[in-house]
2 protein chains.
Amino acid sequence: MTPRLPAFTDAPVRQSSVRAHNLALALTTVVNSANPISRAALASATGLTRATVSALVDELIAGDLLTEVEPPPRTGAGRPAAGLAPAPDGPVGLGLEINVDYLAACVVDLTGAVRHRLVSHADQRPVDAAQALSGLAALAGRARELAEADGLRAAGAALAVPGLVGADGRVRVAPNLGWQDVDARALLQAELDLPVAVDNEANLAALSELRAAGGRPSFVYVSGEIGIGAGLVLDGTLYRGVRGWSGEIGHVSIDPDGPACRCGAHGCLELFAGQEAIQSAAARSSTARALTAAGRALGIALAAVVNLLDVDTIVLGGGYAPLVPDLAGPIEAELRRRVLTFDLAPVELRAAALGADAAMRGAADAVIRSVQQDPAAWLANRLSGRAS
Amino acid sequence: MTPRLPAFTDAPVRQSSVRAHNLALALTTVVNSANPISRAALASATGLTRATVSALVDELIAGDLLTEVEPPPRTGAGRPAAGLAPAPDGPVGLGLEINVDYLAACVVDLTGAVRHRLVSHADQRPVDAAQALSGLAALAGRARELAEADGLRAAGAALAVPGLVGADGRVRVAPNLGWQDVDARALLQAELDLPVAVDNEANLAALSELRAAGGRPSFVYVSGEIGIGAGLVLDGTLYRGVRGWSGEIGHVSIDPDGPACRCGAHGCLELFAGQEAIQSAAARSSTARALTAAGRALGIALAAVVNLLDVDTIVLGGGYAPLVPDLAGPIEAELRRRVLTFDLAPVELRAAALGADAAMRGAADAVIRSVQQDPAAWLANRLSGRAS
DNA sequence: GCCAAATAATTCAGGCAATAAACAAATCCG
DNA sequence: CGGATTTGTTTATTGCCTGAATTATTTGGC
């Protein structure tokens with residue numbers, strides 16, 4: 001069988017694209033392998049010949065994307081292998097986050113290590129969007145200087161925003177920040193002189209969960225803050241929707257005739273399982289009861305997600321992560337009752353691996369992921385960047 | 001900018017894959033263009049050079065996938081162009097459907113024309129799965145003979161089933177047929193000696209809506225029969241879920257404390273908007289009221305879908321299609337209330353283009369789509385098939 | 001201690017597919 | 001009728017992968 005290219009077809013392929021694709025294949029295979037891997041192992045893992053892999057690896061090493069490291073443990077006779085691993089001094093991603101009461105920036109390298117991390121606590125509501133973003137750009141600039149002092153060059157930046165973000169990087173609405181129609185990408189790009197991506201915080205937090213997972217995982221990441229957002233990872237890729245507004249699980253209806261929501265509808269999930277709802281319910285009765293009720297509502301909404309999307313894993317993040325021991329029971333009870341296929345295959349429910357840093361970390365991951373998925377572009381860009 | 005291959009990377013690419021990809025690109029571009037297109041226009045549409053396009057087209061014509069037709073209307077000076085169009089005598093797809101009270105088969109060619117259509121009305125519940133499938137195989141065999149009498153060769157078959165179908169073609173459950181764990185693919189493949197795909201009827205019906213749509217549409221297709229199923233088309237591809245069980249919208253919760261559903265949960269959409277629910281409600285009050293109530297429930301469930309997936313179009317099919325004039329009002333009212341982004345961008349609601357044939361037609365489409373997306377495989381197969 | 005077996009990595013000729021540029025074909029228009 | 005124009009083909013060149021042969025480096029048996 002001839003290996004097939006992905007199904008959707010809308011751009012021509014030429015020899016250079018073949019190279020680009022195979023460079024990405026080699027690099028991602030090295031990055032995703034737990035231990036250093038030899039060229040020979042890489043060849044058999046990818047299906048390319050050893051000759052080709054050698055050439056690709058040479059190019060990736062020359063481009064500071066891979067390095068040779070100590071060989072993996074020996075296994076019998078033969079010439080020892082040279083181990084390959086992502087280069088710690090290769091391009092880094094700048095992960096940025098803005099929220100109601102803090103600004104944050106981090107620097108993550110190709111190995112996934114966080115090299116620097118800066119957080120600035122300050123209420124962002126009094127200042128306007130331009131000021132907030134310029135404060136963030138300053139923080140990002142400091143993070144970048146720290147990175148450059150280590151000899152690290154940033155491939156780009158990504159920003160996590162608690163709001164609706166369009167595909168063009170414009171923030172349409174960010175209720176808690178009081179933002180409306182803010183071209184965050186343009187503003188940051190101008191100040192940083194770097195490619196900048198902007199995305200919803202739940203989407204980026206979901207991406208951060210993708211780090212450890214092998215294969216092509218599909219899961220819903222639910223982030224419980226003041227609002228409730230979800231990031232959908234389907235077949236290993238973040239699904240953003242037609243306009244980038246996917247994952248608004250907070251306004252899924254739990255009780256169509258329930259209390260009025262600030263969105264104008266009635267009985268939204270947020271009213272039952274949002275941070276404020278949990279707190280006020282805890283004050284009225286007990287924390288245990290409040291969490292049971294919230295878990296039940298979450299379970300109803302998540303059952304709808306699983307019925308619709310057939311994902312096999314649910315990740316609870318943000319404010320929900322520490323509450324998982326209390327929430328898991330009621331959520332699972334509802335899933336068992338309402339997911340049509342529950343008896344055929346279970347749904348895994350787990351807490352997010354990262355805590356409050358998930359969105360910022362996912363933002364940085366998004367940058368290095370873009371380098372991993374198109375190393376040829378980075379290599380070309382790197383040279384022209386140095387020339388300028 | 002170098003054209004980029006799709007993001008996910010897990011197979012090596014070699015020269016033959018380049019050819020395969022560009023053959024698919026050329027073929028799908030011709031198929032998707034409304035009028036016959038010239039080689040030169042094809043070159044500028046795809047971004048390939050005219051020389052390359054000529055070579056690709058020669059191969060596609062030799063393989064009975066394209067034909068030269070009358071040139072499109074002239075536009076000024078220059079050598080007249082030769083028109084290209086999908087070949088009507090190329091490979092055909094066999095679309096099959098099994099349901100409670102009928103079996104059906106159709107033959108669809110590369111141009112999308114239905115060449116033959118056979119329906120056999122008979123209650124399938126009394127017979128067991130093996131018998132039903134062998135009856136279907138017989139019907140499919142007749143359709144295939146009709147096609148072969150026209151000199152048409154079947155590239156494969158696809159079967160639409162009202163139930164949960166795994167990725168391996170096994171039917172896990174089909175409640176209305178009384179099926180459980182039926183390896184429909186193996187049984188049909190053995191009798192037809194053709195590659196057979198099996199999928200849920202709503203999924204395939206959704207595919208049939210993809211025919212006219214250009215670009216990379218994203219929509220939900222909702223099919224209202226005895227149960228309610230949905231097919232999700234995201235970015236131009238059918239999303240099947242991890243195990244192939246996506247789209248079970250019928251058991252999304254409308255009222256968590258509502259009446260008991262046969263699935264074991266309470267207040268599922270099916271109890272408010274299923275065929276039986278509408279009929280009994282109509283008997284109790286009036287048809288108009290029954291449809292308003294059903295529309296309201298559908299609107300609540302669809303608002304959840306739109307909030308989660310950010311699709312911009314909803315297609316009502318199956319039993320809902322003729323009811324759209326009555327359902328649209330209440331559905332839209334709920335969408336307006338509950339979809340968070342409704343004010344930013346509207347959601348289009350429309351009736352399915354095809355009626356009862358949608359699933360069978362979508363099945364045939366799936367087959368010819370697979371040829372269009374990998375013509376190289378068909379060309380290789382075709383030769384070896386003739387040799388044997 | 002040395003040689004055979006084994007495994008890793010590189011080198012080199014060959015082939016395939018795309019590109020670019022020149023050429024041939026067929027029409028319009030003045 | 002001849003130049004301009006557009007379509008489609010031919011030819012030389014280039015890039016990248018493959019496969020086989022070659023070099024490099026170790027283990028293990030005698």
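Owing to the predicted nature of the structure, the values given are computational and were not obtained by experimental measurement.
- A:D64 CG to A:L152 CG: the interatomic distance, rounded to the nearest 0.5 Å, is 10.0 Å.
- With rounding to the nearest 0.5 angstrom, the CG atom of A:L94 is 10.5 Å from the NE2 atom of A:H116.
- The side-chain heavy atoms of A:L25 and B:P12, taken from C-beta on, include a pair separated by under 4.5 Å.
- The phosphate of C:dA18 has OP1 or OP2 within less than 4.0 Å of a side-chain N or O from B:N22.
- In this structure, OG on B:S38 lies 10.0 Å from CZ on B:R50, to the nearest 0.5 angstrom.
- For the atom pair A:L232 CG and A:N203 CG, the distance stands at 7.5 Å (nearest 0.5 Å).
- In this structure, A:D150 CG and A:D89 CG are separated by 10.5 Å, a value rounded to the nearest 0.5 Å.
- Set against C:dA17, D:dG8, C:dA9, the side chain of B:R79 has D:dG8 as its closest nucleotide.
- Atom-to-atom distance recorded for A:L60:CG and A:L84:CG is 9.0 Å, nearest 0.5 angstrom.
- Atoms NE2 (A:H21) and C1' (D:dG15) sit 17 Å apart, rounded to a whole Å.
- The list of salt bridge (Lys or Arg N to Asp or Glu O under 4.0 Å) pairs with a residue in residues 27-45 of chain B, not counting sequence neighbours, reads B:R39-B:E68.
- In this model, the phosphate group of D:dG15 is not approached by any side-chain N or O of A:R19 to a distance below 4.0 Å at OP1 or OP2.
- Only at 4.0 angstrom or more do the heavy atoms of residues 36-46 of chain B sit from any atom of DNA chain C, so none qualifies.
- The shortest distance between side-chain heavy atoms of A:V30 and A:P86 falls below 4.5 Å.
- Contact check for A:L110 versus A:Q372: side-chain heavy atoms found under the 4.5 Å cut-off.
- The stretch residues 80-88 of chain B comes close to DNA chain C through B:P80, each having a heavy atom under 4.0 Å from the strand.
- B:P91 and B:W378 get closest at one heavy-atom pair: CB-CZ2, 3.4 Å.
- Annotation: proximity of residues 48-58 of chain A to DNA chain C (heavy atom, distance under 4.0 Å) is found for A:R50, A:A51, A:S54, numbered in ascending order.
- Protein atom CD of A:E68 is 14 Å distant from nucleotide atom C1' of D:dA24, rounded to whole Å.
- Within the structure, every pair that satisfies the side chain to side chain donor-acceptor pair (under 3.5 Å) test and touches residues 51-62 of chain A, not counting sequence neighbours, is listed here: A:R19-A:E59, A:T49-A:T52.
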Under 3.5 Å, which protein N or O atoms sit close to an N or O of nucleotides 2-4 of chain D? Give each pair with its distance.
none

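- Taking the side chain as every heavy atom from C-beta outward, A:L379 and A:L23 approach each other to under 4.5 Å.
- For D:dC17, its base never sits under 3.5 Å from the side chain of B:Q15 at any donor and acceptor pair.
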